[in-house]
Amino acid sequence: MNSTITIINILLPVLYVCTFGIYAYDFWKGEKKFTNSKRVFLFITLLLHVVYLLSRTVSFNHPPITNVFEIFTILAFSISFSYFILELVTDIRGTGPFIIIISIIFQIISSLFIKESPVVKDILRSNLLGLHVFGALIGYSGITVSAVYGFLYLTLYKDIKLNKFGLIFNRLPNLEVLETLSYYSAVIGFILLTFAIIIGIIWLPRAFPKYSFADPKLIGTFSVWILYGIGILSKTFGKWRGKKVVLFSIAGFVIAILSTMFTNFLSSSFHSFY
Amino acid sequence: MNILAVSINHRTAPVELRESLHLNNDEIKSLIHLAKEELFSEGLIISTCNRTELYGIPKNDKLDVLDIQNFIFKYKDNSDVKPENFQTFASAEAIIHLFKLISGIDSLLIGDNQIYHQVKESFQTSEEMQFAGVLMKRIFDAATKTGKRAISETEISEGAVTVSYAAVQLVEKIFSSISKKTALIIGAGESGELAAKHLKDRGIGRLVITNRTPDRAEKIARELDSETISFNSFKEKLHEFDIILSATSADSLILTKDDIKNSMKRRNNTSMVLMDIAVPRDIDPSAKDIDYVFYHDIDSLNIIVEQNLSKRKIEIPRVEKIINEEINTFISWYNSLEVAPTIKDLRDYFETIRAEEVGKNKNRFSSEDQEKLDIITKRIINKILHQPTVELKKINELGTSPEETAVKVSVLRDIFGINNNNKENNH
């Protein structure tokens with residue numbers, strides 16, 4: 001089993017790079033040579049990644065959440081998986097390179113440094129925590145994808161305004177589509193973050209009976225959640241649109257990353273497991 | 001292949017000369033009528049704003065391209081048009097030119113697929129006028145196939161190459177569903193009308209036209225099943241429009257930055273596209289500084305046009321490859337018209353000789369040997385004719401030119417006197 005895990009661990013970055021290469025080739029050349037095959041390639045990569053995550057869970061008898069590099073491989077998977085679902089739903093296939101490259105970065109770091117922790121805290125063997133982490137990571141992937149589409153929206157917006165009709169203008173979908181993709185990704189991310197928070201609220205009193213509501217992790221997470229909630233409600237029911245919404249999404253993403261880094265690595269929180 | 005073609009086009013003559021030889025539909029029909037009487041057994045006449053072309057299979061072998069030019073001058077007299085204003089083609093060159101034309105690579109706007117439909121219509125007129133025989137019909141089919149392949153297998157017709165179409169392409173890069181958008185066309189001149197047609201073709205939700213002279217706006221609105229708005233009051237409703245395309249001949253600005261700013265406020269900063277294709281410009285260019293306003297003038301649209309034209313030029317070799325393939329297929333078919341009957345005639349000729357000689361001499365053989373004699377002589381004839389048959393079939397496969405094929409076939413027929421023999425038999 002361990003040798004299978006080692007082989008897949010080496011294969012995964014290679015497959016992500018190949019998938020990225022095919023998507024990037026189609027984007028660069030503007031051809032539709034690999035329209036269907038690139039999707040199949042991404043599917044195979046994701047399938048192998050699922051096998052890898054399940055193998056680790058079964059082989060080491062805990063969900064792969066016991067160190068940062070296990071978290072990174074889940075992040076790599078969930079970002080590409082979010083994109084895959086979005087591509088299936090919208091049938092917009094030209095933006096893959098901008099998303100898959102993030103998965104490549106996380107997966108390469110993970111594959112290089114991942115190893116089984118000699119001692120795994122009992123708390124990290126909890127399946128409820130596993131569910132919470134998966135929900136949170138897919139949620140964060142959603143807001144990452146939303147921020148990428150937001151960034152692409154701003155780039156195309158600027159290019160059109162400045163009469164720059166280059167690769168971005170020719171290959172990207174139109175502004176309204178980019179705005180919609182950014183919005184839907186944020187909604188999916190928000191729903192999964194909500195799910196993760198609910199699981200966390202159920203699990204927290206069992207694991208840490210003396211937890212405090214003033215914990216930086218709780219404050220940070222709720223702030224990000226409220227921020228996205230306001231953005232989504234304003235877009236859905238209010239008059240927010242276009243640049244304002246995508247800027248909000250990018251700002252939300254930056255705050256979410258900073259908050260995660262601060263609460264997990266710098267501050268003292270019950271949430272610091274590694 | 002005895003086909004001739006003459007063409008006056010954008011490469012050979014200025015617009016005033018091309019105009020003078022332009023033929024409308026009725027004139028084409030009348031000229032076909034005359035051409036059938038005087039020049040061609042079958043043919044084709046194409047006339048568009050950029051070219052007038054005549055193709056035909058001469059009734060008389062002595063007919064040349066100068067006769068065709070004189071024939072046109074007789075019908076459309078213009079002393080300014082000189083023979084050097086014509087391109088002339090004979091044999092396979094004429095077919096290649098037609099294939100290039102229908103593929104759009106000979107057009108003023110490279111890849112213009114309007115020419116594909118115009119050539120097809122000309123084919124239909126020829127057929128209606130019984131001006132299309134077996135050869136012309138085959139040429140029509142091959143040309144149509146070539147044009148279709150060029151459009152579908154290459155990007156020769158991709159992207160906008162006119163300013164008004166580039167404007168529509170740009171709109172589609174901002175809005176996802178044009179069918180839910182409202183457009184205002186200011187100015188009902190040629191450019192405005194063309195842009196209105198493009199928007200309508202792309203399925204614009206609501207199209208409104210305004211013009212200083214309302215009659216002209218109403219005429220276009222009727223044609224395009226759209227609305228009009230008074231030129232004096234359209235500014236009050238500016239906020240209703242997602243796309244505003246201005247193409248008037250006004251000397252000063254029609255829409256100021258403040259007009260746009262106010263309308264943006266009223267539409268809660270929902271994106272608005274301003275296309276100013278007028279010279280001098282109709283809309284204050286500083287309107288582009290307003291958020292969610294996408295302002296583009298003729299210069300910026302020309303950037304798109306130039307880019308697309310460059311991309312189309314890159315596609316020309318791919319189209320030429322398709323043309324070569326289709327020409328080879330056509331010539332093989334044409335050669336087979338000469339080769340197949342020759343093979344048959346040659347075999348018939350030898351069989352006749354064999355049958356005669358066997359008939360004369362079979363009594364010298366015993367009855368059981370007569371059957372063997374028949375089999376042996378047939379085998380000898382087959383062996384003798386095997387190599388010539390293979391060589392004749394090769395003419396098709398190797399893509400030999402129709403002229404070369406005609407010479408080879410003619411030499412073979414002369415050597416064996418097949419033509420004479422046939423004629424004698426006919427007598």
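In what follows, chains are A, B, ... by sequence order, proteins preceding strands, each numbered from 1. Excluded from the calculations below are hydrogen atoms, water molecules and symmetry mates; all remaining heavy atoms, backbone and side chain alike, are included.
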Does any non-hydrogen side-chain atom of [Y] lie less than 4.5 Å from one of [X]?
X	Y	value
B:N268	A:R241	yes
B:I174	A:L175	yes
B:Y292	A:K244	yes

A quick test of your reading: do over 12 heavy atoms of other residues, nucleotides or ligands sit less than 6.0 Å from [atom1] of [X]?
X	atom1	value
B:K237	NZ	no
B:K288	NZ	no
A:F169	CZ	yes
B:F175	CZ	yes
A:F151	CZ	no
B:Q114	CD	no

### Sequence neighbours excluded, every pair satisfying ring pair (Phe, Tyr, Trp, His ring centres under 6.0 Å) that has a member inside residues 170-191 of chain A
A:F190-A:W225
### Task
Could you tell me how the ring of B:F294 sits relative to the ring of A:Y157: parallel (under 30°), tilted (30 to 60°) or perpendicular (over 60°)?
perpendicular
### Query
With a 4.5 angstrom heavy-atom cut-off, which part of B:D291 approaches chain A: side chain, backbone, both or neither?
both
### Query
Under a 4.5 Å heavy-atom cut-off, does chain A meet the side chain of B:S177, its backbone, both or neither?
backbone
### Query
Does B:K173 come within less than 4.0 Å of A:E176, counting only side-chain N to carboxylate O?
no
### Query
Looking at B:S271, B:S300, B:G159, which has the largest count of heavy-atom pairs under 4.5 Å with chain A?
B:S300
#### Entry: Pick from A:V177, A:L172, A:L156, A:L178 with the largest number of heavy-atom pairs that fall under 4.5 Å of chain B
A:L172
### Message
Suppose a student defines contact as a heavy atom less than 4.5 Å from any heavy atom of chain A. Which residues in residues 305-314 of chain B would they list?
### Response
B:Q307, B:K311
### Query
Once you round to the nearest 0.5 Å, how far does CG of B:L170 lie from CG of A:N174?
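So the CG of B:L170 and the CG of A:N174 are separated by 11.0 Å.
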### Message
Would you compute the distance between atom CG of B:D299 and atom CG of A:N163 and round it to the nearest 0.5 angstrom?
### Response
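These two atoms lie 9.0 Å from each other.
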### Task
Decide yes or no on side-chain contact (heavy atoms from CB on, under 4.5 Å) for B:I303 and A:K164, but give the supporting numbers first.
CA-CA 9 Å; B:I303 298 172; A:K164 280 167 73 181; over 6 Å; no
### Task
Look only at the side chain of A:K161 and the backbone of B:V293, and say whether a donor-acceptor pair between them is shorter than 3.5 Å.
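Yes, because the side chain of A:K161 sits within donor-acceptor range (under 3.5 Å) of the backbone of B:V293.
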